[in-house]
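From a predicted model like this one, the values you see are computed outputs, not experimental measurements.
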Amino acid sequence: IDGTIHENIRVIVPDMIRHSEVAQRHKWPTNIADDPMRGAAFYAYAALTRLGIYPKDKGFDDFVNEVAMIEADGLGEEVNP
């Protein structure tokens, strides 16, 4: 909420697997299409913590309460490695 904008943050497979594991543990929908806002927020959280941009000692709930907006381009698109 401090106005910092992070651009071009790539969500990679480990971020997606982290979402899947946490979603199962908390009984969230594991398919991001069934809960796109929470899914996109968790993907962002996972990527930003992996990159060291968001503190690893803060949880997802903290992230949700501190972030003003998440914009995702190509969320859910298949990528040919």
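- The backbone N or O of Gly59 lies less than 3.5 Å from a partner atom in the side chain of Asp62, making a donor-acceptor pair.
- Residues Phe60 and Arg38 form a side-chain contact, since some pair of their non-hydrogen atoms from C-beta on lies under 4.5 Å apart.
- The line from OG1 of Thr4 to CD of Glu66 is 11.5 Å long, rounded to the nearest 0.5 Å.
- Asn65 places a side-chain N or O within 3.5 Å of a backbone atom of Asp61 that can act as its donor or acceptor partner.
- Legend: residues meeting side chain to side chain contact (heavy atoms under 4.5 Å, CB included) with Ala44, ordered by chain and number and at least two apart, are Phe63, Ile70.
- Residues Ile9 and Ile12 do not share a hydrophobic cluster, clusters being chains of Ile/Leu/Val/Met/Phe/Trp/Tyr side chains in contact below 4.5 Å.
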Q: Might you work through the side-chain contact (heavy atoms from CB on, under 4.5 Å) test for Trp28 and Val22, ending with a clear yes or no?
A: CA-CA 8 Å; Trp28 302 339; Val22 171; 3.7 Å; yes
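- When atom types are taken as modelled, the side chain of Thr49 and the backbone of Tyr45 share a donor-acceptor pair closer than 3.5 angstrom.
- Applying the side chain to side chain donor-acceptor pair (under 3.5 Å) criterion to Glu7, with sequence neighbours excluded, gives no partner residue.
- Listed by chain and number, the hydrophobic cluster partners of Ile17 are Val13, where partners are ILVMFWY side chains within reach of under 4.5 Å, directly or through others.
- The side chain to side chain donor-acceptor pair (under 3.5 Å) test applied to Thr30 returns no partner, not counting sequence neighbours.
- Not counting sequence neighbours, Asn31 has no partner by the side chain to side chain donor-acceptor pair (under 3.5 Å) test.
- For the salt bridge (Lys or Arg N to Asp or Glu O under 4.0 Å) condition, the pairs that include at least one residue of residues 11-24, sequence neighbours left out, are Asp15-Arg50.
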